[in-house]
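This report refers to the structure that appears directly beneath it.
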Amino acid sequence: MLKLDNKKLLHIIRYAPVIVVTLFAIAVNIIAIEDNQSMAQYSIENLRAELLNTQREKIREQVRYVIRKVRTERFLSEAKLKDHAKQRVYEAYHVAHYIYNSNQGKPKAEIVHLITDALRPLHFFNERGYFFIFTQQGISVMNGLRPELEGTSILDLQDSRGTYFIRNFIKKFEHSQEGFYQWWFQKPGQSNQQDFQKIGFAKTFEPYHWYIGTGEYVTAFENALKKEILEWISEYEYGEGGYFFIIDKQGTLLAHHYNDFLGPELTVGKKIDDSLRQQILAQVRNGGGYIRYQKPLTVDGKISLEQVSYVTEIKGWDWIVGTGFYSQVYEKYLSSQAHQLSQYKKQSLAKLSTLGIVSILLLIVVSLYVSHLIARRFNTFQQRIVDDVNELENSKDKMEFMALHDALTGLPNRLSLQKKIQESINLSKKHGTHAAIMFVDLDDFKHINDLHGHATGDQLLCSISRQFESVLEETDLVARFGGDEFIFCCADLQGTDEAREKAEIIRRLFDEQFVIGGKILSVGCSIGISMYPDDSDDPAALIRKADIVLYHSKAIKKGQILFYDQHINEQVQLDLNIHHELQRALINQEFSVCYQPQIEANRHRLVSVEALIRWNNPRLGNVPPAKFIETAEETGLIHDIGLFVFRRACEEIYRLSPNGHNAVQLSVNVSPTQLVTPHFPEQLAEICSEIGIHTHRITLEITENILINKLETAIPILNQLRVHGFGISLDDFGTGYSSLSYINNLPLTEIKIDRCFIDRMLNNQQSNMLVKMIIGIGKFSGMTVVAEGVETQEQYEQLIEYHCDLVQGFYFDRPLTFEQLTHRYKNYYSAYVNNFPYSY
């Protein structure tokens with residue numbers, strides 16, 4: 001009966017695999033053919049979606065590029081106007097000087113006549129610009145637009161808003177040689193009563209104490225800018241046949257490319273179809289979007305293609321800009337690809353069928369052969385199974401060892417460590433002694449791996465492990481915890497002094513250099529220690545606390561031995577709480593901004609404030625910036641926090657002091673992480689534009705030490721910020737390494753003397769000389785110098801003597817809330833003051 005059963009088993013072993021493999025091969029081939037058909041169809045649909053989405057994204061990015069260019073040109077238009085006006089005046093100034101120097105022997109009246117004849121006919125700004133000359137007493141010498149004023153006093157001239165602009169001009173430039181000014185006039189030929197801002201520039205002509213100047217309407221200059229942009233749009237193209245068009249909200253076509261055919265009747269100045277205009281306006285009201293319409297390709301309009309366009313609004317000008325592509329172009333391409341794929345599918349199907357038949361036959365033959373081998377060796381395998389069981393029994397001890405030890409170093413692993421720590425606690429508890437858990441981490445071990453390779457690093461770990469084993473006593477254990485981390489467990493100790501002695505023995509092992517593969521390597525270690533029963537009686541808790549104190553030690557200074565205590569635990573918990581609470585601080589509106597006044601030293605008046613962030617958390621209370629700024633940089637929240645401070649400060653200072661001659665200036669600190677954020681200069685400029693505050697009122701403070709590793713990256717960004725009009729201040733000047741080189745390489749407008757120099761200025765001759773030298777350097781380089789941390793009258797008087805520009809510190813005011821600053825500004829700072837400090 002047993003023999004018969006074995007025979008049946010052999011038949012099953014021989015033929016069952018053949019049947020199963022054959023059925024499986026047939027099923028696999030059927031599935032492969034069907035999957036090939038499905039994948040082909042999916043590829044066409046996926047290609048269609050990918051092509052259209054790619055092109056839609058491409059035209060949207062092109063429109064965004066045009067929008068950014070227009071915004072930049074608009075933002076810089078006033079600066080360009082000022083620059084052009086200044087250039088024209090300088091040209092007139094040089095003409096006057098040339099005539100004056102060339103006719104020294106002639107009477108003044110004749111020289112004056114020559115100068116005015118030379119300058120009167122000159123016109124510019126598309127014939128709108130002209131020169132005028134008047135004396136410091138307000139007598140008109142020449143006026144290219146109104147010659148009837150020449151020889152008369154113009155002090156009583158008023159602009160359209162009733163301002164005696166000539167008097168104001170003379171007063172403003174009483175102590176300067178040149179500068180800009182503004183007034184309001186109606187345009188010549190303007191029928192309504194609307195007035196327009198004019199910006200002018202004038203320069204003193206010293207021989208006759210004249211003012212030579214000119215001016216231009218801001219709107220006229222902006223209209224010229226609009227014309228330039230429309231001409232640029234008419235010529236701009238991208239890719240193959242990518243063109244732009246611009247319309248206004250009434251549907252009038254303002255510009256399009258000369259190669260872009262929009263229809264026989266649709267030219268610049270004509271209106272588009274109203275239904276198309278309504279479709280465009282609907283997308284513009286949503287912030288921009290895509291539209292579809294039929295675009296003619298012939299003059300008679302009988303042939304057209306569907307156009308997909310992206311449109312959006314250029315705010316402020318009521319322009320709508322758009323561009324697009326023909327969707328049918330991609331459908332033709334997809335049809336071609338589909339036809340090729342269909343041919344490929346037929347060929348693939350034939351090949352797959354042939355391959356399937358061949359594979360099935362081959363599998364049957366191979367299966368028969370393999371089944372025959374299996375049957376022949378059935379009895380042999382039975383004996384081998386018995387042998388394998390015996391071998392497994394013999395390997396049991398080896399596997400147990402591997403389970404409890406590190407494969408590289410041969411030291412006990414974490415599982416052995418947990419068991420040993422519990423035994424050490426039990427032994428110490430029995431004898432009334434202590435146990436120590438020493439978490440050892442190699443300092444800068446990564447550098448060795450990077451420099452010499454991981455193989456050398458592994459050999460070094462093995463060599464260190466043997467050194468560790470050499471100092472173990474009977475009740476000690478060392479385990480590899482992971483990477484370059486080791487844990488010593490020392491039982492039956494008398495106290496922390498004995499634990500420290502053992503830790504010192506471990507650390508002294510690294511005083512000697514290690515020779516690995518002919519290389520001499522030096523490495524150190526840091527050690528964190530937790531104790532039983534002082535810190536815990538739980539092995540996992542002791543390991544965790546030793547780990548905490550180790551990395552706290554490494555954060556302060558590598559190579560230390562540090563014991564766990566409650567103070568360290570509180571510090572770690574505080575850091576964790578700050579990290580957790582900071583995630584929601586902006587959403588919960590927990591941040592606020594305070595302002596520390598900056599006083600003009602020699603005139604005793606407020607000219608600027610520095611914005612300082614404050615965080616009041618319901619759980620943590622008032623958290624100092626030094627505690628949470630570093631965490632914000634590590635978590636990436638610093639950019640959002642920085643933009644919040646910038647926007648809030650701009651809004652409040654603009655509300656306190658609108659733009660004007662004596663407007664309060666603003667200083668805002670910028671984090672190094674925030675500085676290198678993409679499009680950072682454009683973001684700040686856009687915020688200023690939204691609020692209305694002039695960028696030249698704002699100074700961005702950067703710390704000197706952050707530039708040591710990021711100088712090459714920072715310089716282009718700082719140059720962009722200067723182009724936008726922002727001032728750049730170098731904070732903590734003199735505390736870094738390369739201060740003088742920064743002055744040459746960076747576009748700085750201000751330097752701030754660190755408070756540590758001010759504190760020692762009166763008592764330390766070296767600090768005193770450094771302060772005087774820094775002020776001298778700033779003056780020589782044409783920069784504003786700010787002294788921070790001024791707390792006594794003696795410091796203040798010394799800084800006045802050294803001609804420091806601005807001072808700030810507790811002597812004048814602590815950081816103020818916006819409400820306190822408003823009260824101060826109205827009651828004290830709006831006029832000159834002589835008594836400091838103020839009390840609350």
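Computed over heavy atoms, backbone and side chain alike; hydrogens, waters and symmetry mates excluded.
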> Do you know which two heavy atoms are closest between Ala202 and Phe169, and how far apart they sit?
Replying inline: CB-CZ, 3.2 Å
Please report, to 0.1 Å, the donor-acceptor pairs under 3.5 Å made by any side chain of residues 635-654, with sequence neighbours excluded.
unit_1: Thr635; atom_1: OG1; unit_2: Thr631; atom_2: O; d: 2.9
unit_1: Thr635; atom_1: OG1; unit_2: Ala632; atom_2: O; d: 3.3
unit_1: His639; atom_1: NE2; unit_2: Gln683; atom_2: OE1; d: 3.1
unit_1: Arg647; atom_1: NH1; unit_2: Glu690; atom_2: OE1; d: 3.2
unit_1: Arg647; atom_1: NH2; unit_2: Glu690; atom_2: OE1; d: 3.2
unit_1: Glu652; atom_1: OE1; unit_2: Tyr595; atom_2: OH; d: 2.5

> Who are the side chain to side chain donor-acceptor pair (under 3.5 Å) partners of Arg655, not counting sequence neighbours?
Replying inline: none
>> Less than 4.5 Å apart, side chain to side chain, heavy atoms only: is that true for Asn659 and Ile693?
In response: yes
> Rounded to the nearest 0.5 Å, what separation is found between the CG atom of Leu684 and the NE2 atom of His679?
Replying inline: 13.0 Å
> Between atom CD of Gln583 and atom CG of Asn588, what is the distance when rounded to the nearest 0.5 Å?
Replying inline: 12.0 Å
> If you measure from CD1 on Ile246 to CD1 on Ile229, what distance do you get to the nearest 0.5 Å?
Replying inline: 7.5 Å
>> Checking His123 now: which residues fulfil ring pair (Phe, Tyr, Trp, His ring centres under 6.0 Å) with it, not counting sequence neighbours?
In response: none
> Are Leu612 and Asn669 close enough that some pair of their side-chain heavy atoms sits under 4.5 Å apart?
Replying inline: yes
>> The test is salt bridge (charged side-chain N to carboxylate O under 4.0 Å, His left out); show your working for Lys58 and Glu61 and say whether it passes.
In response: CA-CA 5 Å; Lys58 178 180 178 181; Glu61 286 302 317; over 6 Å; no
>> For a quick test of reading the model, state the closest non-hydrogen atom pair linking Ala714 to Leu675 and the distance between them.
In response: CB-CD2, 4.0 Å
> Can Glu610 and Ser667 be said to form a side chain to side chain donor-acceptor pair (under 3.5 Å), step by step?
Replying inline: CA-CA 5 Å; Glu610 179 181 359; Ser667 290; over 6 Å; no
> side chain to side chain contact (heavy atoms under 4.5 Å, CB included) between Val321 and Val311: does it pass, once the steps are laid out?
Replying inline: CA-CA 6 Å; Val321 60; Val311 294; over 6 Å; no
> Do Ile728 and Thr699 have side-chain heavy atoms sitting under 4.5 Å apart?
Replying inline: no
>> Asn622 vs Arg614, test: side chain to side chain donor-acceptor pair (under 3.5 Å). Steps then yes/no.
In response: CA-CA 8 Å; Asn622 291 315; Arg614 294 294 183 263; over 6 Å; no
>> Test side chain to side chain donor-acceptor pair (under 3.5 Å) on Glu590 and Asn616; report intermediate values, then the result.
In response: CA-CA 6 Å; Glu590 297 173 9; Asn616 188 291; over 6 Å; no
> Any chance the side chains of Gln665 and Ser608 put a donor and an acceptor closer than 3.5 Å?
Replying inline: no
> Between Val63 and Val66, is any pair of side-chain heavy atoms under 4.5 Å apart?
Replying inline: no
>> I'd like to know if the side chain of Ser309 reaches the main chain of Ile291, judged simply by a donor and an acceptor atom lying under 3.5 Å from each other, with no hydrogens or angles considered.
In response: no
> Relative to each other, are the rings of Tyr181 and Trp183 parallel, tilted or perpendicular (30° and 60° limits)?
Replying inline: parallel
> Roughly how far apart are Thr214 OG1 and Leu145 CG, rounded to 0.5 Å?
Replying inline: 10.5 Å
> With distance as the sole test, does Asp248 use its side chain to make a donor-acceptor pair with the main-chain N or O of Leu253 at under 3.5 Å?
Replying inline: no
> Can you pull the salt bridge (Lys or Arg N to Asp or Glu O under 4.0 Å) pairs that have at least one residue in residues 656-674, sequence neighbours excluded?
Replying inline: none
>> Rounded at 0.5 Å granularity, tell me how far CG in Asp159 sits from CD in Gln182.
In response: 10.0 Å
> CD of Glu630: more than 12 outside heavy atoms within 6.0 angstrom?
Replying inline: no
>> Give me the atom names and distance for the closest heavy-atom approach of Ala663 to Pro658.
In response: CB-O, 3.3 Å
>> Tell me every residue that passes ring pair (Phe, Tyr, Trp, His ring centres under 6.0 Å) with Phe680, counting only those two or more places apart in sequence or in another chain.
In response: none
> If you look at every heavy atom in Tyr130 and Lys198, which pair is closest and at what distance?
Replying inline: OH-NZ, 4.2 Å
>> Run the salt bridge (charged side-chain N to carboxylate O under 4.0 Å, His left out) test against Glu57 and tell me which residues pass, sequence neighbours left out.
In response: Arg60
> Partners of Trp615 by ring pair (Phe, Tyr, Trp, His ring centres under 6.0 Å), sequence neighbours excluded?
Replying inline: Phe591, Phe628
> Is it true that a side-chain atom of Ser657 and a backbone atom of Val664 form a donor plus acceptor pair closer than 3.5 Å?
Replying inline: yes
> Are Val623 and Leu582 close enough that some pair of their side-chain heavy atoms sits under 4.5 Å apart?
Replying inline: no
> For Phe818, which residues count as a ring pair (Phe, Tyr, Trp, His ring centres under 6.0 Å) partner, sequence neighbours excluded?
Replying inline: none
>> Evaluate Thr703 against Val670 for side chain to side chain contact (heavy atoms under 4.5 Å, CB included), listing each step before the verdict.
In response: CA-CA 8 Å; Thr703 54; Val670 176; over 6 Å; no
>> If I take atom SG from residue Cys688 and atom NE2 from residue His696, how far apart are they, to the nearest 0.5 angstrom?
In response: 10.5 Å
>> Using the rule given for side chain to side chain contact (heavy atoms under 4.5 Å, CB included), can you reason through Asp83 versus Phe201, listing the C-alpha separation, both sets of side-chain angles and the distance that settles it, and then say yes or no?
In response: CA-CA 9 Å; Asp83 185 61; Phe201 180 81; over 6 Å; no
>> Can you confirm whether the side chains of Ser729 and Glu750 place a donor and an acceptor under 3.5 Å from each other?
In response: yes
>> With a 4.5 Å cut-off on side-chain heavy atoms, are Thr312 and Ile67 touching?
In response: yes
>> So, using side chain to side chain donor-acceptor pair (under 3.5 Å) as the criterion, who are the partners of Gln596 when residues are at least two apart?
In response: Gln808
>> Could you walk me through whether Thr673 and Thr677 satisfy the side chain to side chain contact (heavy atoms under 4.5 Å, CB included) test, starting with their C-alpha distance in whole Å, then the side-chain angles of each, then the deciding distance to 0.1 Å, before giving a yes or no?
In response: CA-CA 7 Å; Thr673 305; Thr677 303; 5.5 Å; no
Would you mind writing out the side-chain donor-acceptor pairs for residues 717-724 within the sub-3.5 Å range, not counting sequence neighbours?
unit_1: Asn719; atom_1: ND2; unit_2: Ile715; atom_2: O; d: 3.3
unit_1: Arg722; atom_1: NH1; unit_2: Phe726; atom_2: O; d: 2.7

> Asp731 side chain to Ile702 main-chain N or O, any donor-acceptor pair under 3.5 Å?
Replying inline: no
> Of all residues at least two apart in sequence or in a different chain, which pass the side chain to side chain donor-acceptor pair (under 3.5 Å) check with Glu313?
Replying inline: Lys249
> Any idea which heavy atoms bring Leu606 and Pro597 closest together, and the distance?
Replying inline: CD1-CB, 3.5 Å
>> Does this structure show an ion pair linking Glu581 with Arg619, if we count only N-O contacts that are shorter than 4.0 Å?
In response: yes
> Taking only residues two or more places apart in sequence or in another chain, which ones pass side chain to side chain donor-acceptor pair (under 3.5 Å) with Glu633?
Replying inline: Ser671
